Asks: 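Take this structure, written in structure tokens, and hold onto it; I'll ask about it next.
Please read all numbers here as calculations on a predicted model, not as lab measurements. This chain uses plain numbering: 1 for the first residue, then up along the sequence.
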Amino acid sequence: LFDSFTGGANGNTFNINGPVTGNLIGGNGDDVFHFSGSGSLNGAIVGNGGNDTLSFGGVSTAQTITLLSADASGYSGTNSLISGGFSGINTLAGGNGADTLIGLNSPSNWTVGTTLNPMFRSYESGGNTLVFSNVENLNGGSNTDAYNISGLQNVNLNGGAGDDTFNFADGASITGSLVGGAHVIGDTVSYAGNTTPVTVNLNNLNTIETVIGGNGNDTLVGLTSGSTFTINALNSGTAGSIVFQNFENLTGSAGADTFNLTDTGVLTGGIDLSVGSVLAFGGMVVAMLISGGTGAGKTTLLNVLSRFI
């Protein structure tokens, strides 16, 4: 027997704590569809009017929520506990597992914390907003995604396909992974507008094509395996295949690095070479650090520069 359970005009709470067969249909108020324990639904969830919430707050297993579309009533999508999917959802609450939210295949904006409320998170596409909480993995769709990050965030970010941008506000950071994913032109990590110095380690960037510093005295650290830095503009250039902008300082890592300063290249900070690193002007090698440790190379570089000024 397959039934539909329809709520009244005011807000309704539907508690799903075991296997249920039927469609759950909210009214015009603010409805809550709450899963806990071994709850599952052989049917669909329809939020209808109001600000409707889909919650996995009582579920211990990791959940994946995939968004498929959105309109004025809310978002539609799929989840393994809901055989018929959901629609008309405005707010999403994750559970006790490492949950994943997958965005639409259309241009989207992710807010991961704000200056006033670091815990606030939302997803927006086409003018429709989904507020969410307690979701650890935020995966973009196949179009462009912009992630705007404030505060310290325990999340994993994956832009998916498309040209994605990860914008970090002053003092913002994540403790999880950051993956650009597939792209058309490239994926970007940006600290533009930051006033506090930032240090970006290339070893922590996965499939990122451009990294942009801020207004502070910023530092870019090379790959452990070694990097070839080419400085071809003011505090800008390339580190292997990655384009960098507005980084005043460059630091080698454990590998042997090469620093090429072209005729148009200017670095207002310093270069910290690791052992075995090479410094070249216009393709001509002028210095090679054969001994010393972290920090020793900066003095060597400044001594070399003094001979060319």
Asks: Would a 4.5 Å heavy-atom cut-off, applied to side chains only, mark V155 and R121 as touching?
Replies: yes
Asks: For the side chain of D31 and the backbone of N12, is there at least one donor-acceptor N/O pair under 3.5 Å apart?
Replies: yes
Asks: I would like to know whether N148 and N167 meet side chain to side chain donor-acceptor pair (under 3.5 Å); could you show each step before the answer?
Replies: CA-CA 5 Å; N148 301 300; N167 300 306; 3.0 Å; yes
Asks: Applying the side chain to side chain contact (heavy atoms under 4.5 Å, CB included) criterion to T78, which one of I102, L67, L68 satisfies it?
Replies: L68
Asks: Going by ring-ring contact (aromatic ring centres under 6.0 Å, His included), F33 matches just one of F56, F86, F14. Which one?
Replies: F14
Asks: Taking side chain as C-beta onward, heavy atoms only, is D272 less than 4.5 Å from N249?
Replies: no
Asks: Looking at side-chain heavy atoms only, is the closest gap between Q63 and N79 below 4.5 Å?
Replies: yes
Asks: Considering only heavy atoms from C-beta outward, does the side chain of N139 approach that of T100 to under 4.5 Å?
Replies: yes
Asks: Could you tell me how the ring of F132 sits relative to the ring of W110: parallel (under 30°), tilted (30 to 60°) or perpendicular (over 60°)?
Replies: perpendicular
Asks: Tell me whether the rings of Y147 and F166 are parallel (<30°), tilted (30 to 60°) or perpendicular (>60°).
Replies: parallel
Asks: Taking the side chain as everything from C-beta on, heavy atoms only, tell me whether N17 gets closer than 4.5 Å to F35.
Replies: no
Asks: Could you tell me whether the side chain of L279 reaches within less than 4.5 Å of the side chain of I271, counting heavy atoms only?
Replies: yes
Asks: With side chain to side chain contact (heavy atoms under 4.5 Å, CB included) as the test, pick out the partner of L250 among T219, V221, I231.
Replies: I231
Asks: Heavy atoms, side chains only, cut-off 4.5 Å: are D3 and T21 in contact?
Replies: no
Asks: So, do N158 and L138 sit near enough that their side-chain heavy atoms are less than 4.5 Å apart?
Replies: no
